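As structure tokens, the structure follows; a few thoughts come after it.
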There are 2 protein chains.
Amino acid sequence: MNAVNKARGTASDRLGNVVLRPVRGHHAFEGCVEQLATAIRLGAFSYGAALPPERELAERMGVSRATLREAIAGLRTAGMVRTTRGRGGGTVVSYRPAIPALGGSPGIADRREQLLDSLVYRRVVEPGACYVAAGRKLSATEKMLLTTSLAEVDAAEDPATHRQADSRLHLAIASVTASPMTIEAVTEVQACLHDMLQAIPVLEVNIDHSSRQHRAIVEAIIAGDATKARRAMEQHCDDTAALLRGLLG
Amino acid sequence: MNAVNKARGTASDRLGNVVLRPVRGHHAFEGCVEQLATAIRLGAFSYGAALPPERELAERMGVSRATLREAIAGLRTAGMVRTTRGRGGGTVVSYRPAIPALGGSPGIADRREQLLDSLVYRRVVEPGACYVAAGRKLSATEKMLLTTSLAEVDAAEDPATHRQADSRLHLAIASVTASPMTIEAVTEVQACLHDMLQAIPVLEVNIDHSSRQHRAIVEAIIAGDATKARRAMEQHCDDTAALLRGLLG
DNA sequence: TGACAATGGCATGACCTTAGACCTTTAACA
DNA sequence: TGTTAAAGGTCTAAGGTCATGCCATTGTCA
């Protein structure tokens, strides 16, 4: 029995090879930039909104203030935020969503595998999140968050705004599960898919279809019908995935 | 409009507060130790199995070899692995699972919130994973992995071995989804719940019940019946969760 | 038996991250 | 109108992490 056999070939070893994953994403600094930039692009912090104070943000992200400041400096250089000093000052979002040039989403081809995987993962996570959300007793605030988010999607006038509102709705649904791990999973999925979703040709018929599904999902969650909510989200994921798989070829 | 209102109170801001998460788990070194120790305790690397070579492991975990070596040194100190030099050498697992003293799982109370959350998250992720697994065309090897893992659970003679085999079965199911993100999610869930599951009173009736459910799940996956597979896993998660919630009080 | 190759062991210098204290700016408040 | 509090801006010392190259050990194979 040589070293290779010792390490490979048994069922349990196959699992060993599968569970190991990168222990973290590069440097803390890059991680901060990515997370903040994603939150802004998804619209979790929308145009004009203020980020929390540096000290608070640093603590919440588990990073030193120095590192966080470097990240913010990066965002500032990229023109996504503006910072003012003094009491009442802070860092505010100066980024407005834009429609990418058609077919001009760079690097989508490189990440083909990852994108296809995130479609699968989305199919796993988002319907499950709906099920959990519908099974909870929601507060008035939570219901309001859902209906407001839904209304914002319908009210969006340009594709870029629509895309952000759509992300926000999905994050809102995740957030009413009150499950941090579920919220994180949905956030990750939305971050992965954002660029791709943005590249979907925005046809009137797609938007209408999508809107009907969103409404069905939210209504089922508020009504507490977990099975119906899940099924509606499954349909929504499947339909969107079909479009996206077409785009990826 | 003061700073607080600028940052709080709007729907979109609420989301901003919810999506920010720690950018990473402390030091790379600790992350490595934790991930490797978990993989070993879950049985992804079972007794006598060799870990991959340091250079390969370091690359896969996205960490320098120096850091990885520190982590391995930690495991060695803890008596979980043994290392030999030279060609054909390497690091092999010298850990055998043990049953914790009843009621003696330290720190379970401290993590109460996290544990309850992981039960919710599990309910989201594992049924979804079953659905995906059943929807794929499985190779003979993959089917074999499932049936072998199932047989190992039934064959386990002591509770500790049984617990490991159970984890391995769940990881095996995740692995046949062929979705890295899904695998990671299930791994995370199993790692979170491992200590708690280990503390479940091992009653004959529980094991029988669990065994029937496992068999139903695997059969449905192999038969390609996605809905049935998901429903079976939902039932399994719900039943286990009920036991665990009871333990947590 | 001798060369080779695969593996762990070690050392160095550059860079990143942290924690904490302190400074500067500016709006809000008394 | 002064005082204060809340925010960003800066500095430093200590330690963590990395990439890289080389060394030491030992099984394999010609």
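Source: prediction; values computed, not measured.
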Inset, instruction - Measure from the side-chain heavy atoms of B:Pro53 and tell me the nearest of D:dG8, C:dG8, C:dC16. - result: C:dG8

Legend entry - Value rounded to 0.5 Å, distance of CG in B:Leu146 from OG in B:Ser175: 7.0 Å

Inset, instruction - Report the residues that fulfil side chain to side chain contact (heavy atoms under 4.5 Å, CB included) with B:Thr161, sequence neighbours left out, ordered by chain and then residue number. - result: B:Ala156, B:Asp158

Inset, instruction - Mind calculating the distance between CG (A:Leu68) and C1' (C:dT17) to the nearest angstrom? - result: 13 Å

Inset, instruction - Figure out the CE/P separation between B:Met61 and D:dC18, and round it to whole Å. - result: 11 Å

Legend entry - A:Glu30 CD - C:dC15 P separation (whole Å): 15 Å

Review item, nucleotides 20-25 of chain D N/O atoms under 3.5 Å of protein N/O:
none

Legend entry - Set of salt bridge (charged side-chain N to carboxylate O under 4.0 Å, His left out) partners for A:Glu54, sequence neighbours left out: A:Arg65, A:Arg69

Legend entry - Spacing of B:Ile72 atom CD1 relative to C:dG8 atom P, expressed in whole Å: 7 Å

Inset, instruction - Measure the distance from CD on A:Glu70 to P on C:dC15 and round it to the nearest whole Å. - result: 14 Å

Inset, instruction - Quickly work out the A:Arg69 CZ to D:dA7 C1' distance and round it to whole Å. - result: 11 Å

Legend entry - From D:dG8, D:dC18, C:dG8, nucleotide with atom closest to B:Glu54 side chain: C:dG8

Inset, instruction - Verify, without hydrogens or angle tests, whether A:Gln164 (side chain) and A:Arg41 (backbone) share a donor-acceptor contact under 3.5 angstrom. - result: yes

Legend entry - Atom pair distance, as rounded to whole Å: CG in B:Leu57 and C1' in C:dT7: 13 Å

Legend entry - Any residue meeting side chain to side chain contact (heavy atoms under 4.5 Å, CB included) with B:Arg136, in chain and number order, not counting sequence neighbours: B:Leu138, B:Glu142, B:Ala178

Legend entry - Residue-phosphate contact under 4.0 Å: B:Thr84 side-chain N/O, D:dT26 OP1/OP2: no

For residues 87-95 of chain A, which side-chain donor-acceptor pairs fall under 3.5 Å, sequence neighbours excluded?
residue: A:Thr91; atom: OG1; partner: A:Thr83; partner atom: OG1; Å: 3.2
residue: A:Ser94; atom: OG; partner: A:Gly79; partner atom: O; Å: 3.1
residue: A:Ser94; atom: OG; partner: A:Met80; partner atom: O; Å: 3.3
residue: A:Ser94; atom: OG; partner: A:Val81; partner atom: N; Å: 3.3

Inset, instruction - Rounded to the nearest angstrom, tell me the gap between atom NE2 in A:His27 and atom C1' in C:dA14. - result: 11 Å

Inset, instruction - Please list residues of residues 73-82 of chain A whose heavy atoms come under 4.0 Å from any atom in DNA chain D, ordered by number; otherwise none. - result: none

Inset, instruction - With sequence neighbours excluded, tell me which residues meet salt bridge (charged side-chain N to carboxylate O under 4.0 Å, His left out) with A:Glu188. - result: none

Legend entry - Summary of ring-ring contact (aromatic ring centres under 6.0 Å, His included) pairs that have at least one residue in residues 169-198 of chain A, sequence neighbours excluded: A:His170-A:His214, A:His170-A:His236

Inset, instruction - Output all residues satisfying side-chain hydrogen bond (donor to acceptor under 3.5 Å, both in side chains) with A:Gln190, sequence neighbours left out; order by chain, then residue number. - result: A:Glu126, A:Ser167

